[in-house]
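Everything below concerns the one structure shown next.
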Amino acid sequence: MNIAKPFLLMATILLVSSCNSVQKHTDATVSLKNAYKDNFYIGAALDTNQIKETDTMVASLIAKEFNSITPENCMKSMFLHPEKDKFDFKMADKFIALGEKHNMFIHGHTLIWHSQLAPWFTQIKDSVTMSAALNNHITTIVKNYKGRIDSWDVVNEALNEDGTLRKTVFLDTYGKDYLTLAFKLAAKADPKVDLYYNDYNLCNAKKRKGAVALVKNLQKNGAKIDGVGEQGHWNLITPSLDEIEQTILDFSALGVKVSFTELDISVLPNPWDVVGADVNQKSEASEKMNPYPKSLPDSIQTQLAERYEAIFKLFLKHQDKIDRITLWGVNDGQSWLNDWPIKGRSNYPLLFDREFKAKKAYNNIMNLKEIKR
Ligand code: G3I
């Protein structure tokens, strides 16, 4: 029997199929941003090293997969405006330059936030000084990047869980109209940039009601607001898909864009069953609370992938109302969730693992668009 022919045929099949799979994995067009290019922007929050492009592999992954970026920290007031009369645009300039290099949708985060707040802001005691400070802060920063930033979080996390306004130095000194003032100042400094209100837990009905009232109040006061950002710091179970859907519907009914601005899905137990992102809540580490220190079991990996898939399916259903989906980080190693609410745990909330390899969740999201890797 002549075995040469079948052997040759088998070898050819193997060679062709292995070439195909290599091609698929290296094909620069197979990416999240391309898969979803007709639906919404796909973004990532970048840390300082990513902005500085210290690792070329990571830099090319970011450019390949994402068409929008948000600064994870460097545009917060403590970094951008550390002293009353001193702005520091160095790192933010690098961030903008990176987005421009790759022709990305650039989101600014965040003008007014009670956390990571420049200390000098907290010394303000009266409304006249606060008004002047807000004017200088917002006008200087927004004008500095006029035409180069596509959207801004003007105010971040102004609400308590019950939907009332959070007690901050802004509220204490200026009163509730600090929101209107902030949005008006931002619009004046750059009339074309999209202006967002951004918060976590907006899927919680009470807080969402507060956010709806907040947006309506801005609109009534003649302030321009273009979008609401639901951060999306979620877990494997909550919020429910119904709650997420209701959030999309409630905000888009106000005539504003809806974006999911800080998406990540925690797989770890929560010490107080709290949801959201209140950075003041911290707890102690323990083995029970850090169940996957080395790697994520397959069953949980699958659960995470299915959760991401269901959420993206919902996003696709409402793509006409959604502008942008931004992941809060590029890979699991970078995530703030490794240190919150308990320091030093191993969490797995994103689409790329600690080695920057695409996870099952990534594949499930790509499969929704019928793009196989
Ligand atoms: O700047 C110091 C640095 O000097 C020091 O060496 C280092 C040592 O740990 O700490 C650095 O500060 C850290 C800062 O990020 C900048 O890297 C803080 O410890 C750390 O707590 C801080 O965490 C950030 C957190 O906001 C602060 O509230 C996270 O990286 C960032 O992901 C997180 O992002 C927020 C959004 O802006 C708003 N929504 C919630 C979201 C998650 O909390």
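Counting starts at 1 for both ligands and their atoms, in listed order.
- Shortest non-hydrogen contact noted between I248 and K321 is CG2-CD, 3.9 Å.
- Between Y36 and the choices F312, F315, F66, the ring-ring contact (aromatic ring centres under 6.0 Å, His included) rule is met once, by F312.
- Within the 4.0 Å heavy-atom cutoff, W340 does not count among the residues contacting ligand 1.
- The E157 neighbourhood of ligand 1 comprises atoms 38 (C), 39 (N), 40 (C), with distances under 4.0 Å to a heavy atom of that residue.
- Around atom 40 (C) of ligand 1, the closest heavy atom drawn from E72, Q116, M75, E262 belongs to E262.
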Could you walk me through whether W234 and F260 pass the ring pair (Phe, Tyr, Trp, His ring centres under 6.0 Å) check?
-> CA-CA 11 Å; W234 297 336; F260 291 85; 5.8 Å; yes

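- Partners of H81 under the ring-ring contact (aromatic ring centres under 6.0 Å, His included) rule, at least two apart in sequence or in another chain, are F87, W120, H137.
- Electrostatic pairing of K192 and D190 does not count as a salt bridge here, judged by no charged N lying under 4.0 Å from a carboxylate O.
- The residue D47 has no part lying near ligand 1, judged by heavy-atom distances below 4.0 Å.
- A side chain to side chain donor-acceptor pair (under 3.5 Å) check over residues 293-314, counting only residues at least two apart or in different chains, returns the pairs E309-N364.
- Taking a 4.0 Å cut-off on heavy atoms, W113 registers as neighbouring ligand 1.
- A donor-acceptor pair under 3.5 Å is formed between the side chain of K359 and the backbone N or O of Y348.
- For ligand 1, the atoms sitting less than 4.0 Å from at least one non-hydrogen atom of N156 are 38 (C), numbered in the order shown with element in parentheses.
- Atom numbering of ligand 1 starts at 1 in the shown order; those under 4.0 Å from a heavy atom of H233 are 40 (C), 41 (C).
- Short contacts between ligand 1 and K76, defined as distances under 4.0 Å to a heavy atom of the residue, involve ligand atoms 26 (O), 31 (C), 33 (C), 34 (O), 35 (C), 36 (C), 37 (O).
- At a heavy-atom distance under 4.0 Å, only side-chain atoms of W328, from C-beta outward, approach ligand 1.
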